[in-house]
Amino acid sequence: MSKEIALADILKELSNISGFRISIYDTEQNELEAYPKKGSAFCQFIQKNPKALALCHKNDKKAFETARQTEDVYLYQCCFGLYEAVAPLYHNGILSGYLMMGQTMDTMHDSPKRTFQSALPYVDNVRELKDAVDQIPIRSKSQILSCISIMEICAAYITLSNRLKLNNQTLPVKIKEYIHTHFSGQITLDQLCSYFYCSRATLTKSFRNAYQQSILEYITSYRLAQSKKMLEDPTVSIQDIARQCGFSDQNYFTKVFHQKCGLTPLSYRNQSLKK
């Protein structure tokens, strides 16, 4: 049996090959692991300025979101012209974090000057800025793309080996997100177990511990909340509201609504219109 490779070792080897700093973030943009531990001299220097740090965080957030949406490695230039790349990581099919590589300049002759000029408004010590820019790695476009290919392989390995596990709070949040997206259709516990690759016990226990109610209770309350919003529009029939909110038919919708809200949907509509 082959020896399991630790995350820290993966990052170290990838950094040694590429010459870049490699890091792993969770879905909330918190750095979990990195090699080397400290950021580049340029990033450390420029991020002493709160405004520059805010720009970097905004830039990273946008990159993470793009990687999440495309489900692929995303290569981009940061606000100071340095190349970075982000790849999404999954645990049992659920987004659990990001693999990030950076930072480098390309071989264009004016790249150092452009980075220097873009950073200048955020620093007081020009000489220290110049020294920090001089320490930024320089790679050709083909070298950068080759490193991206290696990074993609590492991201796939981390994903396939389920190495980056979800924390205890992530699964209930993802279940909620799924319900919010799919509430108009049928949702069963078996569907959720299949989608999130977990047992029914893990699914239900994690959700109840997080929100003090069952998944089915939450589905019903969320559907009713959405139906109340729709009932305020008199042009939408109650039958259509029942269908769009995931209830099997109007009679069942009316029964559940009356049980939970103390009014029929029609009475609720009439009251809301009077207000």
Side-chain angles (χ1 to χ4, degrees), residues 7-70 73-89 95-141 143-145 147-148 150-151 154-155 158 164 167:
L7 270 179
D9 292 332
I10 295 174
L11 302 191
K12 181 179 179 180
E13 295 301 329
L14 185 51
S15 178
N16 289 339
I17 292 172
S18 65
F20 304 140
R21 184 174 189 263
I22 312 297
S23 51
I24 286 184
Y25 290 79
D26 64 17
T27 55
E28 303 302 319
Q29 207 174 330
N30 301 306
E31 186 174 278
L32 303 178
E33 187 71 66
Y35 189 89
K37 291 293 185 182
K38 292 184 178 181
S40 68
F42 175 82
C43 291
Q44 289 186 70
F45 177 60
I46 195 68
Q47 290 177 358
K48 291 177 182 177
N49 183 300
K51 291 184 179 179
L53 180 60
L55 277 177
C56 292
H57 285 167
K58 183 179 180 181
N59 192 79
D60 290 346
K61 185 176 181 179
K62 182 179 179 182
F64 291 156
E65 179 61 21
T66 300
R68 184 190 70 81
Q69 291 180 356
T70 62
V73 179
Y74 175 52
L75 174 66
Y76 62 100
Q77 283 182 282
C78 75
C79 44
F80 298 106
L82 305 185
Y83 283 91
E84 298 178 319
V86 173
L89 301 173
L95 181 69
S96 54
Y98 302 91
L99 181 66
M100 187 174 191
M101 182 175 76
Q103 294 73 27
T104 184
M105 285 189 290
D106 58 32
T107 53
M108 300 291 289
H109 73 279
D110 63 339
S111 290
K113 181 179 179 180
R114 286 188 284 110
T115 295
F116 179 87
Q117 292 294 336
S118 63
L120 196 55
Y122 303 98
V123 303
D124 296 323
N125 192 321
V126 176
R127 180 177 292 275
E128 191 173 351
L129 173 60
K130 185 179 184 306
D131 290 341
V133 171
D134 289 342
Q135 295 181 57
I136 299 172
I138 297 176
R139 299 288 187 275
S140 68
K141 289 288 184 66
Q143 287 176 314
I144 293 172
L145 292 176
C147 290
I148 296 302
I150 297 172
M151 177 184 176
C154 290
I158 293 171
L164 188 61
N167 61 47

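- Remark: Asp124 engages no residue in a salt bridge (charged side-chain N to carboxylate O under 4.0 Å, His left out) (not counting sequence neighbours).
- Put simply, the side chain of Phe20 reaches to within 4.5 Å of the side chain of Arg139, judged on heavy atoms.
- Residues Leu82 and Met105 have side chains in contact (heavy-atom distance under 4.5 Å, counting atoms from C-beta outward).
- Between Val86 and Asp60, every side-chain heavy-atom pair lies at or beyond the 4.5 Å cut-off.
- Between the side chain of Gln44 and the backbone N or O of Gly39, at least one donor-acceptor pair lies under 3.5 Å.
- Put simply, the side chain of Gln29 gets close to the backbone of His57: a donor and an acceptor are under 3.5 Å apart.
- The aromatic rings of Phe80 and Phe42 lie perpendicular to each other, with more than 60° between the two planes, well past the 30° mark.
- The closest donor-acceptor contact from the side chain of Arg21 to the backbone of Gly102 lies at 3.5 Å or more, if one exists at all.
- Using a 4.5 Å heavy-atom cutoff, the side chains of Val123 and Glu128 are not in contact.
- Residues passing the side chain to side chain donor-acceptor pair (under 3.5 Å) test with Ser111, sequence neighbours excluded: Asp106, Arg114.
- Salt bridge annotation for Asp131-Arg127: absent, with no cationic side-chain nitrogen under 4.0 angstrom from a carboxylate oxygen.
- A donor-acceptor distance shorter than 3.5 angstrom exists from the side chain of Thr66 to the backbone of Lys62, with no hydrogens or angles considered.
- Arg68 places no side-chain N or O within donor-acceptor distance of the main-chain N or O of Pro88, the cut-off being under 3.5 Å.
- The backbone N or O of Gly81 lies less than 3.5 Å from no partner atom in the side chain of Thr115, so there is not a single donor-acceptor pair.
- Residues Cys147 and Met101 share a closest heavy-atom pair of CB-CE, 3.7 Å.
- In this structure, Tyr76 and Asn59 have side chains that are in contact, with non-hydrogen atoms separated by less than 4.5 Å.
- Within the 4.5 Å cutoff, the side chain of Leu11 has heavy atoms near those of the Leu99 side chain.
- The side-chain heavy atoms of Val126 and Phe116, taken from C-beta on, include a pair separated by under 4.5 Å.
- Summarising the geometry of Leu55 relative to Cys79, their closest heavy-atom pair is CB-SG, 4.0 Å, with the distance given to 0.1 Å.
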